[in-house]
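Keep in mind the model is a prediction, meaning the values are calculated, not measured. Proteins get letters first, then strands, A, B, ... in listed order; numbering begins at 1 in each.
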Amino acid sequence: MTFIRFFLPLLKNTYKTKIMVKDTHYCRYYMRIPLKDVTPELETAEVIGWVHEIRDLGGLAFYILRDRTGFLQAAVIKKKAPEAVLIAAKEVSRESVVRIKGVVKESDKAPGGREIIPESFEIISKAETPLPLDVSDKVLAEVDTRLDNRYLDARRPKVAAIFQIRNAATHAINDYFYNEGFINITTSKIVAAATEGGTELFPIAYFEKEAFLNQSPQLYKQMMMAAGFEKVYEIGPIFRAEEHNTTRHLNEATSIDVEVSFADHNDVMDLLENVIIAAYENVDKTCSDAIETLGVDFSVPKKGFPKLTYAEAIDIAAVSIEEDIAYGDDLSTSAERAIGEEMGEHYFITDWPTSIKPYYAMPYENEPEICKAFDMMHPRMELSSGAQRIHQHDLLVEQILQKGMSPEGFEFYLKPFKYGMPPHAGWGVGMERLIMTMLDLPNIREAVLFPRDRHRVTP
RNA sequence: GCCCAGUUAGUGUAGUGGCCUAUCAUGCAGCCCUGUCACGGCUGCGACACGGAUUCGAAUUCCGUACUGGGCGCCA
């Protein structure tokens, strides 16, 4: 019986057309109405949701139901309600899943101007008490408690809103690349050696071989340039085994990685701006409810991010921070912040010293001490780094040696440079940082469903 | 890797040697309540991370252990 009730609509689209309301996004597959679509015009409705709050006034009790679309109040009038409704209403706990059928009434006293008067009230899945955290936000839990109970935490509209927005951003980025003729690739996350340098890798057991989780798809993107794919991108996980413990680092992050042949650093900086703006624009266009739920100031950045050379950035930092900073130093966190404050919007730092950028960054022909590498910054932090890459085999080997690394270690990477490697450029953007800065989230863990940090491997 | 801080009911907290039989809020249970929307009222339930030391007396001081948060470095 249950089987028929659930699956008949799939086979026979006309069944129960009365509640097959306009929004096919939510309705096509279920015999229920999303809560936001419940209106008095329906007269009757069957809804399923979580019991968000219970307010028992004595002769009258209110049950606030919640699903991903919103809230609906069910009003149980104890003198009039059927016995079975009273029993279930008494029995139910907060955060239980319930199915309610009843009459929908207009009421200016009810939230959203309408409420449902249950004629049946079925507890589909009862929630135990006490709950590990308060979904209704009366007592805010700490991030750690929330992450331990992420499935409950994510029931909170504010949390759901973040991932709705992340979805819209990801979708826009994929769309942008697709429309621009990029090929979406996926590359292996299991690698044989520390190829890029500069960061610690997680060792893994790979049968009888030594292997690691990849820190970046960099080398693979470049190999696909040699393959003639011309424009590739990948949105995927990267792993860094650094023991940092901060609100802006993850040991597993999502990288939006791009590589373009026959392009230089300026071309891909232009591309980067477009991608960031496309993400913001789609969020702006499709997520106004989520933005409102989060209560953040949201504005789409304007095309033409200011460009600062590394030397100029150092000058700004030198006058605004206490600590000593000189040409050739990496930009410290406090320097980054000081420059960000000065800039007040997204910006690029270009023309970095070759000595502090990875070996694959292309030095300027006339001034090889600096290279065609750039960082793209949000006032709060670094979002992206990229460069025109070295495509000449011998120059690459020279740079690797200069960094004190051994070319023998990654012959598989160098070999493609011998057989027709086009000039190319690319970048990587931290997805979580993009979302974090977009929504002004205090902690990067808020931008991932299941963050992996120094201590956390569950859930 | 270096440095700092923390751990008290399910959740979030108060607490600086005796007034702690541990505060408050939320939650939960019971009773009252027909328009709540942070419903309200009354009663109750529920916690000092672990081990050791100091002391007449330790949630509070000291040592160790475990766990956690944060800053820096490095980076996305």
[atom1] atom, [N] versus [M]: distance in rounded Å?
{"N": "A14(B)", "M": "U61(B)", "atom1": "P", "answer": "15 Å"}
{"N": "A59(B)", "M": "C20(B)", "atom1": "C1'", "answer": "9 Å"}
{"N": "C74(B)", "M": "G69(B)", "atom1": "P", "answer": "23 Å"}
{"N": "C50(B)", "M": "G44(B)", "atom1": "C1'", "answer": "31 Å"}
{"N": "A38(B)", "M": "G27(B)", "atom1": "P", "answer": "13 Å"}
{"N": "C28(B)", "M": "G70(B)", "atom1": "C1'", "answer": "34 Å"}
{"N": "G12(B)", "M": "G17(B)", "atom1": "C1'", "answer": "27 Å"}

Does any nucleotide pair with [N] by Watson-Crick or G-U wobble geometry, both distances under 3.5 Å, and what is it?
{"N": "A14(B)", "value": "none"}
{"N": "C72(B)", "value": "G1(B)"}
{"N": "C28(B)", "value": "G44(B)"}
{"N": "U55(B)", "value": "none"}
{"N": "A49(B)", "value": "U65(B)"}

Decide yes or no, distance alone: a donor-acceptor N/O pair under 3.5 angstrom between the base of [N] and the side-chain of [X].
{"X": "Arg240(A)", "N": "A76(B)", "answer": "yes"}
{"X": "His244(A)", "N": "C72(B)", "answer": "no"}
{"X": "Arg433(A)", "N": "C75(B)", "answer": "yes"}
{"X": "Glu142(A)", "N": "U11(B)", "answer": "no"}

Interatomic distance, [X] [atom1] vs [N] [atom2] [rounded to whole Å]:
{"X": "Gln215(A)", "N": "C74(B)", "atom1": "CD", "atom2": "C1'", "value": "12 Å"}
{"X": "Arg454(A)", "N": "G73(B)", "atom1": "CZ", "atom2": "P", "value": "19 Å"}
{"X": "Ile321(A)", "N": "C72(B)", "atom1": "CD1", "atom2": "C1'", "value": "13 Å"}
{"X": "Arg456(A)", "N": "U68(B)", "atom1": "CZ", "atom2": "P", "value": "9 Å"}
{"X": "Ile356(A)", "N": "G73(B)", "atom1": "CD1", "atom2": "C1'", "value": "14 Å"}
{"X": "Arg94(A)", "N": "C28(B)", "atom1": "CZ", "atom2": "C1'", "value": "10 Å"}
{"X": "Trp352(A)", "N": "C75(B)", "atom1": "CH2", "atom2": "P", "value": "9 Å"}
{"X": "Leu147(A)", "N": "G69(B)", "atom1": "CG", "atom2": "C1'", "value": "12 Å"}

Electrostatic pair Arg456(A)-Glu252(A), nearest N-O below 4.0 angstrom: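 A salt bridge is absent here (no side-chain N lies under 4.0 Å from a carboxylate O).
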How is [X] classified with respect to the nucleic acid when contacts are heavy atoms under 4.0 Å: base, sugar-phosphate, or nothing?
{"X": "Glu252(A)", "result": "nothing"}
{"X": "Lys109(A)", "result": "base"}
{"X": "Asp56(A)", "result": "base"}
{"X": "Ser334(A)", "result": "nothing"}
{"X": "Glu53(A)", "result": "sugar-phosphate"}
{"X": "Asn245(A)", "result": "base"}
{"X": "Leu57(A)", "result": "base"}
{"X": "Ala253(A)", "result": "base"}
{"X": "Ser93(A)", "result": "nothing"}
{"X": "Pro132(A)", "result": "sugar-phosphate"}
{"X": "Glu128(A)", "result": "nothing"}
{"X": "Asn443(A)", "result": "sugar-phosphate"}
{"X": "Arg66(A)", "result": "nothing"}
{"X": "Ala110(A)", "result": "base"}

Which residue lies more 5' along RNA chain B, comparing Gly430(A) with Asp108(A) via nearest heavy atoms: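 Going by which nucleotide is closer to the 5' end, it is Asp108(A).
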5′-ward residue of the pair His455(A)/Leu383(A) relative to RNA chain B: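 On the 5' side of the pair lies His455(A).
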Would the Phe374(A) and His265(A) ring centres measure less than 6.0 Å apart?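 Here the rings of His265(A) and Phe374(A) have centres that are no less than 6.0 Å from each other.
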Check the pair Asp351(A) / Tyr364(A) against side-chain hydrogen bond (donor to acceptor under 3.5 Å, both in side chains), numbers first and verdict last. CA-CA 9 Å; Asp351(A) 301 353; Tyr364(A) 280 96; 2.5 Å; yes
Within the 3.5 Å criterion, strictly below it, is a donor on [X] or [Y] matched to an acceptor on the partner's side chain?
{"X": "Thr187(A)", "Y": "Glu234(A)", "result": "yes"}
{"X": "Glu398(A)", "Y": "Gln402(A)", "result": "no"}
{"X": "Glu432(A)", "Y": "Thr254(A)", "result": "yes"}
{"X": "Tyr178(A)", "Y": "Asn184(A)", "result": "no"}

Presence of [X] side-chain N/O under 4.0 Å of [N] phosphate oxygens OP1/OP2:
{"X": "Thr247(A)", "N": "G71(B)", "answer": "yes"}
{"X": "Ser216(A)", "N": "A76(B)", "answer": "no"}
{"X": "Thr129(A)", "N": "G10(B)", "answer": "no"}

Separation between OH of Tyr360(A) and NZ of Lys403(A), rounded to the nearest 0.5 Å: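 That separation rounds to 10.0 Å.
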